[in-house]
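Structure, as structure tokens:
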Amino acid sequence: MRQSHQLPLVGLLLFSLIPRQQCEICEVSKEYYTALNPLISTMINSKYTKGIHAANVLLSLRLGGILNPNQEQQLIQQINTAVENKKPSLTSGQLTLAILALGACKGPDGISINYSELVGDLENKFQAEIKNMEDHDGNPLTNYYQLSLDILALCLFSGNYSITEVTKILDPESKNYYFHEQFSVDTGAMAVLALTCVKRSITSGQNKIDTTDLENIDNHVESLIAKILSQKTENGLLGNIYSTGEAMQALFVSSDYYNKSQWVCQKTRDTVLTEISQGAFHMPTATAQILPALMGKTYLDVNKDSSCVYDSGNFNISTQDPISVTPAVSASQIKVNYSVVINNAKDRIVVSVADGSVFLDVMEQAQKENATLFSFTVEESSWGPYITTVQGIKANNNDRTYWELLSNGEHLSQGVGSYVVHAGDDLEVRWSTY
Ligand code: B12
Ligand SMILES: *[C@@H]1O[C@H](CO)[C@@H](O)[C@H](O)[C@H]1NC(C)=O
Ligand SMILES: *[C@@H]1O[C@H](CO)[C@@H](O)[C@H](O)[C@H]1NC(C)=O
Ligand SMILES: *[C@@H]1O[C@H](CO)[C@@H](O)[C@H](O)[C@H]1NC(C)=O
Ligand SMILES: *[C@@H]1O[C@H](CO)[C@@H](O)[C@H](O)[C@H]1NC(C)=O
Ligand SMILES: *[C@@H]1O[C@H](CO)[C@@H](O)[C@H](O)[C@H]1NC(C)=O
Ligand SMILES: *[C@@H]1O[C@H](CO)[C@@H](O)[C@H](O)[C@H]1NC(C)=O
């Protein structure tokens with residue numbers, strides 16, 4: 001989670017070597033693939049690439065044609081075991097990622113898992129999401145990012161779903177696209193991919209044509225693309241660095257819905273490459289979400305009937321070190337403020353931690369000093385540790401509540417396991433409604 005070394009220059013090199021005019025499709029050219037090696041090793045070797053969390057990574061590496069059959073087999077094993085042992089407790093989106101990853105292409109031994117059964121389970125989990133929305137004021141069990149993933153997989157794997165119903169759910173005016181009144185670019189991008197798949201299934205004749213549905217889908221995609229582009233930053237990112245990869249995928253598949261002048265793909269890509277060189281992608285899930293776009297791929301390229309592509313020497317994974325996640329050993333201590341905020345009540349403490357510590361270390365130290373005020377629980381997720389409970393108060397999707405992380409009053413764009421604290425930081429976990 002903490003980096004002891006970064007990737008100096010690599011991104012900048014890439015960035016300056018790519019012939020600018022020649023990238024219509026905006027992918028990184030083949031000659032520079034080797035610079036992606038450390039990212040790929042991070043995806044394969046990290047402690048977060050275990051169990052169901054391997055799904056996002058396998059999906060990404062298969063779309064990129066990066067693995068050899070041996071490495072692929074290890075990841076498949078992780079996912080198969082997780083699906084077999086934990087299926088009932090997987091969220092709809094976790095099951096979806098497993099289906100997309102296992103079915104991304106046809107491996108050398110053919111299919112090792114019964115899709116029709118998994119897709120059937122997904123249909124049930126998707127219906128449970130909808131049922132929860134009916135019972136809880138429009139709030140799904142998980143979120144619209146996952147519902148969009150679900151629809152995408154049902155569409156790609158011939159599951160049963162109602163086009164009219166999903167079109168109604170993915171209405172761009174739904175509150176579920178927003179967190180704190182801020183449009184979630186990741187969520188919007190996933191919805192565009194799902195709607196585009198559904199649209200293609202209608203126009204290719206797999207589903208019977210209903211012009212009202214088609215019109216609604218067109219309007220939704222147009223509106224979502226406009227919302228995504230409205231979150232474009234000066235340096236070309238879409239939302240923040242962690243939503244940009246999926247937003248690029250959404251823009252790749254919907255070029256009919258915006259003008260060339262509205263998005264300069266190369267600028268976005270170059271900023272991403274610079275951020276890579278600065279170590280922004282040390283979490284495997286972050287890496288998994290950016291890689292397909294950099295290689296010109298999207299989740300719509302998932303095709304269970306096409307043969308997997310294996311790396312033919314472009315990459316050199318096994319000999320590369322992953323981007324280090326071992327803590328920088330430091331003898332010097334720093335002091336930070338930490339507080340737990342619930343409505344108008346604030347419990348504050350000043351703690352000392354080693355220089356280079358992350359937010360989680362601060363929370364652990366505070367808990368050691370006063371377990372009543374600063375107790376908390378975390379759940380391991382594909383993005384690292386997620387704070388679920390503080391002072392015994394638990395986040396709940398039915399009420400849209402969660403523990404928000406802030407530093408010096410600013411909403412953080414990283415989690416407790418990744419955010420490196422600085423001396424004098426005013427850190428806060430705040431009971432919030434999204
Ligand atoms: C939905 C969502 C939320 C919801 C989660 C609850 C819900 N209703 O589902 C809410 C709004 C509460 C939320 C909160 C946060 N989120 Co959020 N979230 C997402 C989103 C859009 C989808 C996640 C998902 O369902 N993935 C699919 C499923 C299958 O994967 P999963 O791993 O099982 O999903 C679970 C975890 O991802 C977890 N989760 C959600 N956000 C985060 C963030 C971190 C750091 C961790 C460890 C876990 C986590 O909740 C998911 C559902 O259970 C992603 C976008 C993305 N690109 O992934 C952002 C995203 C993961 N979130 C992000 C961030 C930064 C946060 C916060 C740290 C923001 C803050 N300052 O408080 C907090 C988490 C604080 C904490 N308590 O630890 C970043 C992470 C970037 C990074 N490098 O770490 C992302 C990528 C958005 C972005 N582009 O910035 N999030
Ligand atoms: C897959 O599962 C379905 C439904 O559970 C079942 O009908 C079918 O026979 C299974 N196929 C194989 C090859 O096991
Ligand atoms: C398919 O889904 C629709 C709506 O979600 C439902 O009404 C219908 O009964 C389902 N059909 C089958 C065969 O499961
Ligand atoms: C693209 O440009 C044309 C002509 O300038 C304009 O009519 C159209 O509305 C634009 N489309 C979008 C999505 O902005
Ligand atoms: C892979 O690594 C080996 C040993 O480090 C090196 O000799 C070889 O040139 C590398 N190949 C590529 C494609 O980077
Ligand atoms: C924790 O804080 C509470 C409230 O300030 C105080 O009553 C209690 O004694 C503290 N416990 C410890 C172990 O310091
Ligand atoms: C903690 O916050 C208080 C009040 O805002 C401030 O005076 C103090 O300098 C801060 N201490 C540290 C270590 O940040």
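By convention here, the first residue in the shown sequence is residue 1. Every number for a ligand or one of its atoms is a count from 1 in the order of the listing.
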Does ligand 2 have any N/O pairs with the protein under 3.5 Å, and how far apart?
{"from": "ligand 2", "atom 1": "2 (O)", "to": "Asn114", "atom 2": "OD1", "distance (Å)": "3.4"}
{"from": "ligand 2", "atom 1": "2 (O)", "to": "Asn114", "atom 2": "ND2", "distance (Å)": "2.5"}
{"from": "ligand 2", "atom 1": "2 (O)", "to": "Ser116", "atom 2": "OG", "distance (Å)": "3.4"}
{"from": "ligand 2", "atom 1": "11 (N)", "to": "Asn114", "atom 2": "ND2", "distance (Å)": "2.9"}
{"from": "ligand 2", "atom 1": "14 (O)", "to": "Asn114", "atom 2": "ND2", "distance (Å)": "3.2"}

Side chains of Val198 and Ile217 in contact at under 4.5 Å (non-hydrogen atoms):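 Result yes, sub-4.5 Å side-chain heavy-atom pair found.
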So that I can tick it off, tell me whether Lys125 and Asp150 are bridged by a salt bridge, with the cut-off set at under 4.0 angstrom between side-chain N and carboxylate O. no
Sidechain N-carboxylate O distance under 4.0 Å for Asp121, Lys87: yes
Pull out every atom of ligand 7 sitting under 4.0 Å from any heavy atom of Gly424, numbered as shown with elements.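 Close to Gly424: 14 (O).
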Only one of Val302, Leu75, Ile76, Val57 passes side-chain contact (heavy atoms from CB on, under 4.5 Å) with Arg62; say which it is. Ile76
Distance under 4.0 Å to a non-hydrogen atom of Glu165: what atoms of ligand 3 satisfy this?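 Result: 5 (O).
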Could you tell me which atoms of ligand 3, counted from 1 in the order shown, lie closer than 4.0 angstrom to a heavy atom of Gln127?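 Counting from 1, the qualifying ligand atoms are 5 (O).
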Name the orientation class of the two ring planes belonging to Trp263 and Tyr258 (parallel below 30°, tilted from 30 to 60°, perpendicular beyond 60°).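 Ring orientation, 0 to 90° scale: perpendicular.
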Parallel, tilted or perpendicular: which one describes the rings of Tyr144 and Tyr177, with boundaries at 30° and 60°? perpendicular
In terms of heavy-atom contacts, does NZ of Lys175 have more than 12 from other residues, nucleotides or ligands at under 6.0 Å? yes
Minimum heavy-atom separation for Ile334 and Ala423, please, with both atom names. CD1-N, 3.7 Å
Kindly confirm or rule out an N or O of Asn337 lying under 3.5 angstrom from an N or O of ligand 7.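 Yes, there is a polar N/O contact under 3.5 Å.
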Decide whether an N or O pair under 3.5 Å exists between Tyr161 and ligand 3. no
